[in-house]
Amino acid sequence: MQRLSVDARRLHYKATQGVNHGWRRSRLGGNHGSHFYAWWAPKTALPLKESGEFSDVAEGSVFLRDIRHHDDHSPLLAQSFAAHYMPVTVRDLRQEEYSPLPWTQPQARFASARQPVRLLKGHPGSGKTTALWHAADSAGAERILYITYSHDLAALARDYFDRFCSNHKRFFVITFQNLVRQVLGLETPIVLEHETRRRFLRDLAPFARTLGVWAKNPGALYDEFHAHLAGDALPVAIGRFAACKYPRVSDQAYRERRARSLGKAAVAGALEAAVRLERLDPSTLAERYFPELALAWRAVERLRAPTNGSDSTLFDFDCVAVDECQDLTPIDAWFVVELASLINRQQRAPVPLLMAGDEAQTVRPTDFEWAWLSDLLHSRVGTPSEHKLSSNLRSPRRIAELVNRVWDLYSHIQKQERPSGTGYAEIDDDAADQILYCTAAVGHELNELLISLSRREGLALITLDDTVPPFVPEPARGAVLTVSEAKGLDFHSVCVLDAGRHIDLILREDSRLRADSDLEGLRKRLAIDQLRVALSRPTERLFWLDINPTDQVVQQSIAFLNGGDVESGVSSCMPAALLKTLEEDELEAEERVQRCQADARQYLQVKPEIAWSRAQQAITLLGRPGSMAAVTDEAARDAAYLTLAEVCFTLGLRNTRLPAELGRPDLFVEARRAAASARRFGLAAIIDAIGRVHRVTAENRVSALVEFAQTLPLHKDQIEPWLLVELGAKSKPWTEELESALFNGHNAAVLIKLIPPFYEALDVPDRTARTERLQQRAIQLLIKDKQFAPALAALRASRERQPKLEAVCHEGMSDFRSAAECHLQVGNLKEALNCYRSIPDLETALKVVAEIGEHPAAESLQWISRLQQLMTERPDKFTKVVTPAEKKLLQELLERGLGVTRRKPAQPKPARNKVTVARRRTPRKTKPDDEAFF
């Protein structure tokens, strides 16, 4: 029910047919729950529409009709809305009145702990991310910064916080790479690891003969440089880390750190390779081959600069949560620590810092250890407390047992190379799953099998090598994922390629290695980590495919898959038998659409061309409306189109170039059309406006930004979480560019109304402070430009009154009485007196003079007052009885009293003949158009 309330579009379900067509069935899972399904439907489903009683319910409503055994398909009626359904809100779900809390006891203990620095350790599928979300929500904070590596997880977190958490809290969800760029004020695209790895291997190739022990595995040298030569470089000395002047560990420090683990020969070879690569280019190794680490170093320097105290974007949070922290190198982790330390210095109480990860899933070359992370945290923000999750909540029983057995393989490496803790997870899901073992020789049958697998929705091909193996045929090569690319993704089915060979390498003892080199232990540790990640990706089915295996490899694979239990039933089969099994496993169109959507989102970061193809495939599978084979569920059709909009928009904003064979589509146009097809016309307008900002020339950029700032708040209710996450790196430079247009009164009058709701819709983290600065600057410009009415309106809309500036505006509008009242509020009696004299209000002016005491105008005001009093004593028939001479005398008396001298009338000049000269007409100045922007 929690997942239904957060995002029903992502909840996997099985479609129903016949009399029950329109109902959705989702497996409950858990212990003894996998045999039961929740029958539910969105508001637009056919059974609810036919009933006629559900048309007036709120948009987005979901109806849970029944919980049934998986074999129960008896007719299910919608029943009466008023008599048979009870409304349940998110507030109800957060209590235990209607259903159990959606968190396990260990997850709840982590969330309710009160230590300011907490580490959450867990196995794959143990619920670390769910626990971290709950802890961030339960921290008692108002402004939470949530950091993760995955774009898809960031969108999920955004959805969770928006729908399931209190609306008075602000959650700023951002990927780690975008956060680094936001701190630096950059819009540079994210460089994928496989691109930098390919560049590294290309530049290293000419020195292959001098690599020594690294010659046979140059990819391991890339990992070594990433994790230790560049990743270990910190600007300060802490624990085992020496201080560095730039993002590269010194030769001496590297030898001291790595000689024990690698051996002297391997260390010497690594340093020699580093020197040769450094001679190729004046830039640093980090800038060329590890640009993300170079940016992290720069961001740390920015945070350590003394001027950062004035930048509220860096510390306007009172809780920080970091997911997948095992993907952090020491310099990445130090960036997080410095940020948390900076935030702490601005707060009265310690800010909670929550971090979750799994040391044994360090597929990104970080060589992560909880020990050095604890040292970094202890040096700046406090000693961390540790919490552990021991259950596997994601993988079904047989696959979870297989993941547990991977831990036994760590016994084949030295103790210091093993991850800490225990690797056995408690299994809490007894759902039916399947493990299939297939052996194949290189040739036609293998090619046919791999091509068929690559085209199936919800199935991933994963290799344990750094590159795609040569036996994969060309049509299937683009679909193969490395373990680093598959990290963090979940698939219905996974085929692991040639894993038996890796098992054999792990179990084999190689006595031919040099005594002073311990690369074998490093290689085995990485191979075990990779195998553990790959085997934890499937949710229902695992294919173990060995290529040209020896008898020993077959025996080792079967023994590993069966876990020593012969009755487990895993035995080898041929590709033809596996293909037959796949042919018999025909899926309904609606379920294939769901798998295409899941694939599209997951491939978005690592295989953009497959992501786009899967999203388009989902639309094709929907069929034409009205056709016999079409998917009729309106919500399912809308969800498929929204997935296509998400994929196209994300690729377009990242400037991703799709292969020419895909037709070079206009991604922003495709995204807008897809959103409109999902009947989300507001979202389509937003995407269209963003596309113009992204592609417009520099001279027209501000006008496009103004149009975007107008459009976004108008359709705030249709903003998708993935759109806000993807705009994370763009929001700061775009808002700064928009604010830079605030240089005259005309622009100020437009922007002062435009920007505050734009900041609110864009969810700018420091929008309150930015809005206040903007208002003050705009008010000054409006007053300078004598636009007093809009300036006064802006002053009245401010959080705090500013009587001095209000008085200036009132004076400019000739409302002297209101101006005087504003002056009196701040005790400015002299200015108030001037305003009262300008009305004139003689009585009030005399009262103000009395408060002031001595004033040059006091006697004059008193004389005028007496004169005014004397005028009130004039006889009633004065005008009838006074003579003209007396009137003239009185007039002269008043003129002498006021110091006025009449000028004598000028003598008329003699008339002259004038010559008519044609006047030159000057062009008349036209009034500027108030609607024109900038």
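Position 1 is the first residue of the sequence; numbering continues from there. Keep in mind that what you see is a predicted model, and the values were worked out from it rather than measured.
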Visitor: Could you report the tightest heavy-atom contact between S379 and I238, atom names first, then the distance?
Guide: OG-CD1, 3.4 Å
Visitor: Enter the distance from K388:NZ to L120:CG here, rounded to the nearest 0.5 Å.
Guide: 11.0 Å
Visitor: Evaluate D232 against R258 for salt bridge (charged side-chain N to carboxylate O under 4.0 Å, His left out), listing each step before the verdict.
Guide: CA-CA 11 Å; D232 277 358; R258 300 299 292 162; over 6 Å; no
Visitor: Mark yes or no for whether K607, through its side chain, and L481, through its backbone, hold a donor-acceptor pair below 3.5 Å.
Guide: no
Visitor: Taking side-chain contact (heavy atoms from CB on, under 4.5 Å) as the test, write out the residues that go with A611, two or more places apart.
Guide: Y603, L604, V647
Visitor: Report the C-alpha separation of L742 and I755 in whole Å, then their side-chain angles, then the decisive distance to 0.1 Å, and conclude whether the side chain to side chain contact (heavy atoms under 4.5 Å, CB included) test is met.
Guide: CA-CA 11 Å; L742 196 66; I755 287 185; over 6 Å; no
Visitor: Does atom CZ (R91) have a neighbourhood of more than 12 heavy atoms from anything else shown, all under 6.0 Å?
Guide: no
Visitor: Relative to the ring of F225, is the ring of F290 parallel (under 30°), tilted (30 to 60°) or perpendicular (over 60°)?
Guide: perpendicular
Visitor: Are a donor atom and an acceptor atom from the side chains of Q326 and E324 found within less than 3.5 Å of each other?
Guide: yes
Visitor: Is any side-chain heavy atom of P116 closer than 4.5 Å to a side-chain heavy atom of V381?
Guide: no
Visitor: In chain order, what residues pass the side chain to side chain donor-acceptor pair (under 3.5 Å) check against D251, with sequence neighbours excluded?
Guide: R248
Visitor: Measuring from D318:CG to L145:CG, what's the distance to the nearest 0.5 Å?
Guide: 10.5 Å
Visitor: Can you confirm whether D375 sits close enough to F241 that some side-chain heavy atom of one is under 4.5 Å from a side-chain heavy atom of the other?
Guide: no
Visitor: Is there a side-chain contact between Y160 and P721 (heavy atoms, below 4.5 Å)?
Guide: no
Visitor: Any ion pair linking R181 and E292 (charged N to carboxylate O, less than 4.0 Å)?
Guide: yes
Visitor: Is the Y146-F171 ring centre distance short of 6.0 angstrom?
Guide: no
Visitor: I'd like to know if D490 pairs up with R537 as an ion pair, taking the criterion as any Lys NZ or Arg NE/NH1/NH2 lying under 4.0 Å from an Asp or Glu carboxylate oxygen.
Guide: yes
Visitor: Could you tell me whether a side-chain N or O of R118 sits under 3.5 Å from a main-chain N or O of A113, the two making a donor and an acceptor?
Guide: yes
Visitor: Measuring from atom CD of E760 to atom CG of L712, what distance do you get when rounded to the nearest 0.5 angstrom?
Guide: 11.0 Å
Visitor: Scan side-chain atoms only and decide if E224 and Y254 contain a donor-acceptor pair under the 3.5 Å cut-off.
Guide: yes
Visitor: Apply side chain to side chain contact (heavy atoms under 4.5 Å, CB included) to the pair L328 and L373, showing each step before the final yes or no.
Guide: CA-CA 9 Å; L328 302 176; L373 178 61; 5.6 Å; no
Visitor: Do D223 and R197 come within less than 4.5 Å of each other through their side chains, counting heavy atoms only?
Guide: yes
Visitor: Supply the atom-to-atom distance E386 CD to K121 NZ, rounded to the nearest 0.5 angstrom.
Guide: 3.0 Å
Visitor: Please check this pair: side chain of E646 against backbone of W722, looking for a donor-acceptor N/O pair closer than 3.5 Å.
Guide: no
Visitor: Mind checking whether W133 and F161 have parallel, tilted or perpendicular rings, split at 30° and 60°?
Guide: perpendicular
Visitor: So D137 and F164, do their side chains get closer than 4.5 Å, heavy atoms only?
Guide: no
Visitor: Counting N and O atoms only, with roles assigned by atom type, does the side chain of K732 sit under 3.5 Å from a partner on the main chain of Q182, one being a donor and the other an acceptor?
Guide: yes
Visitor: Kindly compute the distance separating CD (Q252) from CG (L271), expressed to the nearest 0.5 Å.
Guide: 11.5 Å
Visitor: Between R114 and S138, which heavy-atom pair has the shortest distance, and what is it?
Guide: NH2-O, 3.9 Å
Visitor: Please determine whether side chain to side chain contact (heavy atoms under 4.5 Å, CB included) holds for the pair L705 and W734, giving the CA-CA distance in whole Å, both sets of side-chain angles, and the decisive distance to 0.1 Å.
Guide: CA-CA 7 Å; L705 282 171; W734 283 5; 4.0 Å; yes
Visitor: What closest approach, in Å, do P384 and S374 show between heavy atoms, and which atom pair accounts for it?
Guide: CG-OG, 3.8 Å
Visitor: Which heavy-atom pair separates P608 from L651 by the least distance, and what is that distance?
Guide: CB-CD2, 3.5 Å
Visitor: Against D316, only a single residue in R770, Q346, R143 fulfils side chain to side chain donor-acceptor pair (under 3.5 Å); can you say which?
Guide: R143
Visitor: Evaluate the side-chain proximity of I331 to L234: yes if any heavy-atom separation is below 4.5 Å, no if none is.
Guide: yes
Visitor: Any idea which heavy atoms bring V180 and A296 closest together, and the distance?
Guide: CG1-N, 4.0 Å
Visitor: Is any side-chain heavy atom of L132 less than 4.5 Å from a side-chain heavy atom of T129?
Guide: no
Visitor: Provide the closest heavy-atom pair for A349 versus N344 in the form atom of the first, atom of the second, distance.
Guide: O-OD1, 4.2 Å
Visitor: With a 4.5 Å heavy-atom cut-off, do H134 and Q107 have their side chains touching?
Guide: no
Visitor: Would a line drawn from the ring center of F335 to the ring center of F176 be shorter than 6.0 Å?
Guide: yes
Visitor: Would you please test R654 and E726 for salt bridge (charged side-chain N to carboxylate O under 4.0 Å, His left out) and show each step?
Guide: CA-CA 9 Å; R654 294 178 183 177; E726 201 59 34; 2.9 Å; yes
Visitor: Could you tell me if Y222 and T196 have a donor-acceptor pair between their side chains, going purely by distance under 3.5 Å?
Guide: yes
Visitor: Counting neighbours of NE2 on H694 that are heavy atoms of other residues, nucleotides or ligands and sit closer than 6.0 Å, is the number greater than 12?
Guide: yes
Visitor: So if I apply the side-chain contact (heavy atoms from CB on, under 4.5 Å) rule between I719 and each of L762, L724, L727, D162, which one comes out positive?
Guide: L724
Visitor: Return the OG to CG distance between S341 and L353, rounded to the nearest 0.5 Å.
Guide: 10.5 Å
Visitor: Any chance the side chains of D332 and T329 put a donor and an acceptor closer than 3.5 Å?
Guide: yes
Visitor: Has E195 got more than 12 heavy atoms of other residues, nucleotides or ligands less than 6.0 Å from its CD?
Guide: yes
Visitor: Just by modelled atom types, is the R10 backbone N or O under 3.5 Å from a matching donor or acceptor in the R601 side chain?
Guide: no
Visitor: If you apply the rule side chain to side chain contact (heavy atoms under 4.5 Å, CB included), what do you find for R532 with D358, and how did you get there?
Guide: CA-CA 11 Å; R532 191 165 186 254; D358 179 6; 3.0 Å; yes
